[in-house]
Amino acid sequence: MKITPFQLFAVTGIVLLAALVWNKKREIDRADPRRQTGESGIVMLGASWCGYCKRLKAALEQAQVPYTELDVEDGAEGYDAFVALGGRGVPVTVIGQEVVHGYNTTRLGRLLAERGHAVQLQ
């Protein structure tokens, strides 16, 4: 079977494209905040204009819960973490290895309580 130059070019292009996609996926995975949170760390991804983000931040600070805040609009760490987690809106909260999309007070409260934090979410 003889391979034409076009077939060789096409196969080379497909392999190169697959390598680029795979490398990009690896970069996104490195941005996943769960790599840093362990079992009890907390990361909140939010935006300055988000009312629910402000409410969650205020509740965490009032209960003196240690957490890291990332801005999804920063074009860097926060945005990359948002993409890695499949963000669809804010807030996105990582508690240990659990990801909570949105302001789900029931789930947030349960996960925080499991880690010894009494947070009043409304």
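Values below: all heavy atoms of this structure, side chains included; hydrogens, waters and symmetry mates excluded. Since we're looking at a predicted model, the values are computed, not measured. Residue numbers run from 1 in the order of the sequence given.
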Going by the ring pair (Phe, Tyr, Trp, His ring centres under 6.0 Å) test, which pairs reach into residues 74-99, not counting sequence neighbours? none
Under the side chain to side chain contact (heavy atoms under 4.5 Å, CB included) test, which residues partner Ala63, sequence neighbours left out? Val65, Val119
Identify, with sequence neighbours excluded, every residue that meets side chain to side chain contact (heavy atoms under 4.5 Å, CB included) alongside Glu69. Met44, Lys57, Tyr67
Are Tyr103 and Leu112 grouped together when hydrophobic residues (ILVMFWY) are joined by side-chain heavy atoms under 4.5 angstrom apart? yes
Could you see if Val100 belongs to whatever hydrophobic cluster contains Leu85? Use Ile, Leu, Val, Met, Phe, Trp, Tyr and a side-chain cutoff under 4.5 Å. no
Nearest-0.5 Å distance, [atom1] of residue [X] to [atom2] of residue [Y]:
{"X": "Asp80", "Y": "Asp74", "atom1": "CG", "atom2": "CG", "result": "8.0 Å"}
{"X": "His101", "Y": "Leu45", "atom1": "NE2", "atom2": "CG", "result": "10.0 Å"}
{"X": "Leu56", "Y": "Thr105", "atom1": "CG", "atom2": "OG1", "result": "10.5 Å"}

Minimum-distance pair of heavy atoms, taken over all atoms of [X] and [Y]:
{"X": "Gly78", "Y": "Leu70", "value": "CA-CB, 3.8 Å"}
{"X": "Ala47", "Y": "Val72", "value": "CB-CG2, 4.3 Å"}
{"X": "Gly102", "Y": "Leu108", "value": "O-CD1, 4.3 Å"}
{"X": "Leu121", "Y": "Gly109", "value": "CD1-N, 3.7 Å"}
{"X": "Gly46", "Y": "Cys53", "value": "CA-SG, 3.6 Å"}

Would you be so kind as to tabulate the donor-acceptor pairs closer than 3.5 Å made by side chains of residues 90-97, with sequence neighbours excluded?
| unit_1 | atom_1 | unit_2 | atom_2 | d |
| --- | --- | --- | --- | --- |
| Gln97 | NE2 | Arg34 | O | 3.0 |
| Gln97 | NE2 | Thr37 | OG1 | 3.3 |
| Gln97 | NE2 | Gly38 | O | 2.8 |

By salt bridge (charged side-chain N to carboxylate O under 4.0 Å, His left out), Glu61 pairs with (sequence neighbours left out) none
Tell me, which pairs form a side-chain hydrogen bond (donor to acceptor under 3.5 Å, both in side chains) where one or both residues lie in residues 38-56, sequence neighbours left out? Trp49-Glu73
Across all chains, not counting sequence neighbours, the side chain to side chain donor-acceptor pair (under 3.5 Å) partners of Arg110 are Glu114
Please name all residues satisfying side chain to side chain donor-acceptor pair (under 3.5 Å) with Glu98, sequence neighbours left out, ordered by chain then number. Arg107
